[in-house]
Amino acid sequence: TGKFKVEDIEWILKKRRKKCMHGIDLKKIICLLKHLHILTETKDGFYFLPCVLKSTEHQLPSAMEIDKEPPMLIRLNTGINPNGSDYPFGLNTFGLFFSMIIHLINVHHWELVACDDGKYYRNKITFRIGSDEDKITIIDCLQHFEVRAFPTADTARQAGKFHHSTVREAIEEAIKNVCMSHIANFSSDDLRVGFYCTCCGGPVHCIYFRPGKDDMNTKRIYCNLKGLTTLSQYQRKWLEDAEKLVIAKGKVILIVFYMLLLRVAKRFVVVC
């Protein structure tokens with residue numbers, strides 16, 4: 001599970017570094033590992049160390065999964081080609097994935113749970129979001145992160161209870177914070193959001209928003225095979241502004257409240 005007690009960490013360090021461990025305070029080592037976002041303390045008193053877990057083979061989602069509950073992709077851009085286009089591949093995400101996972105646990109208090117097969121993996125982490133059974137799975141694909149949402153049936157029926165955009169913003173914030181503390185020249189513009197594309201009946205491929213060319217608000221994105229294409233309603237869920245959704249929900253509640261007051265006032269006038 002990647003969870004250890006303090007005694008386990010001490011035993012591992014002594015076994016690996018017998019000569020170097022003499023006179024070193026274990027608490028200081030744990031504080032350093034926490035500061036570097038390498039491990040974190042869980043609610044049950046264990047220390048979670050994702051980098052020691054075994055990895056699993058990544059499988060692309062099916063065309064049906066992409067259509068009904070499309071995963072979101074996030075990558076770090078490697079730079080710009082001389083012709084002005086993005087490089088085809090993102091930065092290698094090795095190491096960043098673990099730090100991002102630790103940040104999500106520490107700051108957003110996402111609950112770590114096992115994957116569907118009951119196991120934990122170093123390149124595939126599943127969280128339970130909130131008090132419900134809604135789950136998020138983040139997969140490290142080496143050159144990008146794949147984020148899959150598994151909202152429960154009840155949540156899917158109740159509007160406003162689960163927001164894909166809130167998940168996206170939390171992950172983006174985690175990546176930015178980790179990168180800014182480790183990469184001196186990192187810019188938030190280096191993040192690219194994208195999706196899997198199945199256009200033209202060909203193999204699944206990745207498409208990303210291009211900085212300065214594609215506007216996420218227009219809900220249109222450029223595909224190298226098809227050209228400018230419109231995102232599906234399910235893909236748009238990831239791009240909705242969470243703050244606007246909260247404000248809209250508040251307006252609906254106010255309207256309903258005023259309608260109830262108006263009905264009560266009319267009945268009062270009739271009685272009088």
Side-chain angles (χ1 to χ4, degrees), residues 58-75 77 86 90 104 108 110 116 124 126-139 141 144-175 188 191-256:
H58 173 247
Q59 296 181 348
L60 288 172
S62 65
M64 183 178 295
E65 290 176 320
I66 294 175
D67 291 338
K68 295 298 182 182
E69 192 61 59
M72 176 188 63
L73 309 179
I74 297 181
R75 80 172 191 189
N77 191 41
D86 282 354
L104 291 171
H108 297 280
W110 287 4
D116 293 337
K124 184 179 180 180
T126 300
F127 292 106
R128 180 182 291 115
I129 306 297
S131 58
D132 301 304
E133 293 299 319
D134 305 318
K135 294 180 180 179
I136 290 292
T137 295
I138 309 176
I139 305 171
C141 303
H144 66 263
F145 298 139
E146 177 185 314
V147 187
R148 301 187 185 187
F150 302 97
T152 59
D154 291 338
T155 300
R157 287 194 295 266
Q158 297 177 17
K161 198 173 182 182
F162 180 89
H163 295 314
H164 292 70
S165 55
T166 305
V167 174
R168 189 203 80 234
E169 290 173 0
I171 295 175
E172 287 180 340
E173 184 264 341
I175 295 174
S188 58
L191 281 179
R192 299 283 185 274
V193 175
F195 301 95
Y196 287 124
C197 184
T198 57
C199 69
C200 307
V204 174
H205 55 281
C206 304
I207 53 176
Y208 293 91
F209 284 99
R210 302 169 300 172
K213 295 183 179 181
D214 299 327
D215 185 3
M216 292 175 64
N217 293 323
T218 63
K219 307 298 185 284
R220 304 188 76 185
I221 193 170
Y222 184 80
C223 174
N224 291 329
L225 298 179
K226 191 178 180 180
L228 198 62
T229 181
T230 303
L231 296 175
S232 68
Q233 59 175 330
Y234 301 105
Q235 290 172 326
R236 295 178 189 178
K237 291 180 181 179
W238 290 106
L239 306 177
E240 292 175 339
D241 192 330
E243 293 184 1
K244 290 181 179 179
L245 288 172
V246 173
I247 293 173
K249 184 179 179 182
K251 288 182 177 179
V252 171
I253 294 174
L254 285 175
I255 291 173
V256 173

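Under the side chain to side chain contact (heavy atoms under 4.5 Å, CB included) rule, I221 has a single partner from T229, T230, L239, which is T229.
Note that CD of Q235 and CD1 of I207 are 6.5 Å apart. Values are rounded to the nearest 0.5 Å. Annotation: the span from F195 atom CZ to S232 atom OG amounts to 7.5 Å, rounded to 0.5 Å. In this structure, CD1 on I171 lies 8.5 Å from CZ on F127, to the nearest 0.5 angstrom. Distance check: R128 CZ to T126 OG1 gives 10.5 Å after rounding to the nearest 0.5 Å.
Side-chain atoms of R236 come within 3.5 Å of backbone atoms of L231 as a donor-acceptor pair (strictly under, hydrogens ignored). Between the E169 side chain and the T166 main chain, no donor and acceptor come within less than 3.5 Å of each other.
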### Task
Would you please test W110 and V167 for side chain to side chain contact (heavy atoms under 4.5 Å, CB included) and show each step?
CA-CA 10 Å; W110 287 4; V167 174; 3.9 Å; yes

### Steps toward side chain to side chain contact (heavy atoms under 4.5 Å, CB included) verdict (I139, R148)
CA-CA 8 Å; I139 305 171; R148 301 187 185 187; 3.8 Å; yes

### Message
Between S165 and K237, does the side chain to side chain contact (heavy atoms under 4.5 Å, CB included) criterion hold? Intermediate values first, please.
### Response
CA-CA 7 Å; S165 55; K237 291 180 181 179; over 6 Å; no

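At a threshold of 4.5 Å between non-hydrogen side-chain atoms, the residues H108 and E173 count as touching. When side chains are defined from C-beta on, R75 does not count as touching C141, because their heavy atoms never get closer than 4.5 Å. Side-chain atoms of I74 and E172, non-hydrogen and from C-beta on, do get closer than 4.5 Å to each other. V147 places none of its side-chain heavy atoms less than 4.5 Å from the side chain of T137. Side-chain contact between I175 and F145: present, with at least one pair of heavy atoms (C-beta onward) separated by less than 4.5 Å. Looking only at side-chain heavy atoms (C-beta outward), E146 and H58 come within less than 4.5 Å of each other.
Applying the ring-ring contact (aromatic ring centres under 6.0 Å, His included) test to Y196 and every residue at least two apart in sequence or in another chain returns nothing. Partners of A149 under the side chain to side chain contact (heavy atoms under 4.5 Å, CB included) rule, at least two apart in sequence or in another chain, are E69, I136, P151, F162, H164, W238.
C206 and L73 get closest at one heavy-atom pair: SG-CD1, 3.7 Å.
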